[in-house]
Number of protein chains: 2
Amino acid sequence: MLTAITFSAKTKRMKKSNSHYHHGHLAESLLDAVDEIATQFGIEAVTLRGCAKRIGVSPASAFRHYADKRSLLTVFATRALNQLADSMETSMLQAQESGEDALQAVCMAYVRFALIKPAFFRAMWREEMIYSGDPDYLAATQRLASYLQEGFVKTIADEDPCDFSPQELLAWSTVHGLACLFVDGPVAQEQNTEEKLSLAKTVLTQLTPVFAQQRS
Amino acid sequence: MLTAITFSAKTKRMKKSNSHYHHGHLAESLLDAVDEIATQFGIEAVTLRGCAKRIGVSPASAFRHYADKRSLLTVFATRALNQLADSMETSMLQAQESGEDALQAVCMAYVRFALIKPAFFRAMWREEMIYSGDPDYLAATQRLASYLQEGFVKTIADEDPCDFSPQELLAWSTVHGLACLFVDGPVAQEQNTEEKLSLAKTVLTQLTPVFAQQRS
DNA sequence: GATCAGATGTTAACACTGTTAACTTACAAT
DNA sequence: ATTGTAAGTTAACAGTGTTAACATCTGATC
């Protein structure tokens with residue numbers, strides 16, 4: 001009886017002004033759901049039905065906002081890329097204020113993000129799970145690259161932002177390789193985040209002589 | 001009628017000495033099927049049922065040889081790792097014979113493998129798709145690392161083969177980052193394999209001054 | 001303010017996936 | 001020859017992405 005009452009009340013509310021039929025922010029909420037599930041259980045555990053259930057919405061509703069699962073993951077990867085770029089920007093500005101090495105700071109921010117949010121970092125580069133030709137995705141990768149290019153002299157061959165000088169590519173490769181090996185590889189597995197970061201710093205410091213002659 | 005005849009003949013053959021009931025090399029054949037499907041359609045397209053169908057065997061038969069899909073992919077990743085290690089070894093020996101830079105040769109072999117067999121390279125490091133704690137898998141990664149460690153002075157802290165000196169880690173990171181950015185990233189996408197390889201060589205050459213002081 | 005189109009959600013179904021249990025066949029050692 | 005075991009089959013299970021057909025809400029228009 002009590003359940004019947006609450007149910008009728010619920011039904012009444014449903015049909016009144018406070019109806020929940022339309023969620024309102026489903027596209028964003030789905031991204032948040034991917035966020036949470038990926039953080040807790042990894043990217044491979046992300047499921048459209050699981051995301052929908054978490055939000056309290058039917059499985060098919062996702063397709064009103066995303067063409068398919070891959071599109072959702074593409075937007076998620078783009079979001080993650082921009083989060084990484086944000087923290088790189090912050091680190092860069094902080095370093096510039098305090099007169100530290102900006103390039104080093106940006107590189108460390110890259111590795112730190114991968115260590116703190118491994119599922120996000122993986123999602124960014126999972127070519128077969130996203131539409132890597134998506135304009136927004138590509139723009140986000142370029143933004144990321146632009147922070148790594150800061151501090152390098154711009155050469156003539158460097159005017160296309162898609163293109164990288166050997167020095168820039170060395171920086172990106174090293175930092176990206178470190179992040180990948182820490183996250184998915186067999187390197188320093190028994191060490192904690194702080195130890196990995198100081199190891200990363202040691203590795204990156206070796207590059208300073210290479211970059212010294214090329215800095216602006 | 002004709003179909004009936006051929007069918008009965010088939011049935012007869014089945015029941016005679018030439019029975020195909022037992023495949024014989026199913027474990028290996030499944031690996032080959034993963035190989036082919038991954039090469040053609042990518043790792044994400046690899047399916048137990050698809051592999052079984054390609055071999056002409058029932059879907060469930062795979063579970064007599066592998067505990068689950070992840071186990072199969074773990075063995076496949078291990079196999080891929082050893083293929084990469086093989087080609088690194090070959091390149092190293094060739095360089096040593098002709099008096100070239102062995103480390104450079106090993107690094108280039110690493111990148112070349114990733115470019116030629118991207119699906120294999122991806123499978124090696126897909127943490128969430130394999131059992132990365134598997135002993136054989138770990139042994140294969142160590143073998144791989146050992147070729148990158150060749151040519152470096154062994155320090156005291158270096159006696160544990162699991163551990164890497166900063167120089168060794170720099171080499172691995174750079175080469176791994178290059179490979180990943182080429183395969184899954186937005187770097188040099190419009191360029192062909194040869195161009196990418198020469199770009200890789202340019203990047204790696206920058207490291208020689210760093211390593212010069214530390215070589216054996 | 002009622003009407004009506006379009007955006008947004010639901011339900012029910014589809015084919016496909018990994019996985020298991022129960023059964024069958026072939027081989028190999030006694 | 002018998003028989004136990006390894007290696008295959010079939011049939012089912014729950015869970016996945018995706019779609020079509022339907023329902024509901026919102027907001028612009030008369």
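Letters go in sequence order (proteins before strands), and every chain restarts at 1.
The OG atom of B:Ser87 lies 10.0 Å from the OH atom of B:Tyr147; values are rounded to the nearest 0.5 Å. Put simply, OG1 on B:Thr174 and CG on B:Leu169 are 9.0 Å apart, with the number rounded to the nearest 0.5 Å. Taken to the nearest 0.5 Å, the CE atom of A:Met124 stands 10.5 Å off from the CD1 atom of A:Ile130.
Taking the side chain of B:Ala60 as heavy atoms from C-beta on, and the options C:dT11, D:dT9, D:dT18, the nearest nucleotide is D:dT9. Checking D:dT18, C:dG9, D:dT9 against the side-chain heavy atoms of A:Leu26 singles out C:dG9 as nearest.
We find that CZ of B:Phe63 is positioned 16 Å from C1' of C:dA22, with the value rounded to whole Å. In this structure, the CD atom of A:Glu28 is 16 Å from the C1' atom of C:dT8, given to the nearest Å. Residue B:Leu30 contributes atom CG, which lies 13 Å from atom P of D:dA7 at whole-angstrom precision.
With respect to B:Arg79 and B:Asp136, no salt bridge is recorded, no charged nitrogen being found less than 4.0 Å from a carboxylate O.
Listed by residue number, B:Thr47, B:Leu48, B:Arg49 are the residues of residues 43-53 of chain B with a heavy-atom contact under 4.0 Å to DNA chain C. For DNA chain D, the residues of residues 64-78 of chain A within the heavy-atom distance limit of 4.0 Å (strictly under) are A:Arg64, A:Asp68, A:Lys69, sorted by number.
Without hydrogens or angle criteria, B:Ser29 side chain to B:Leu26 main chain gives no donor-acceptor distance under 3.5 Å.
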Take A:Leu170 and A:Phe211 through the side chain to side chain contact (heavy atoms under 4.5 Å, CB included) test and state the conclusion after the steps. CA-CA 10 Å; A:Leu170 173 60; A:Phe211 293 149; 4.1 Å; yes
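Aromatic ring orientation, B:Phe121 versus B:His176: tilted (interplanar angle from 30° to 60°).
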Check: residues 42-60 of chain B side-chain donor-acceptor pairs under 3.5 Å, at least two apart:
{"from": "B:Arg54", "atom 1": "NH1", "to": "B:Glu36", "atom 2": "OE1", "distance (Å)": "2.4"}

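A:Ser61 has no side-chain polar atom (N or O) that falls below the 4.0 Å cut-off from OP1 or OP2 of C:dG9.
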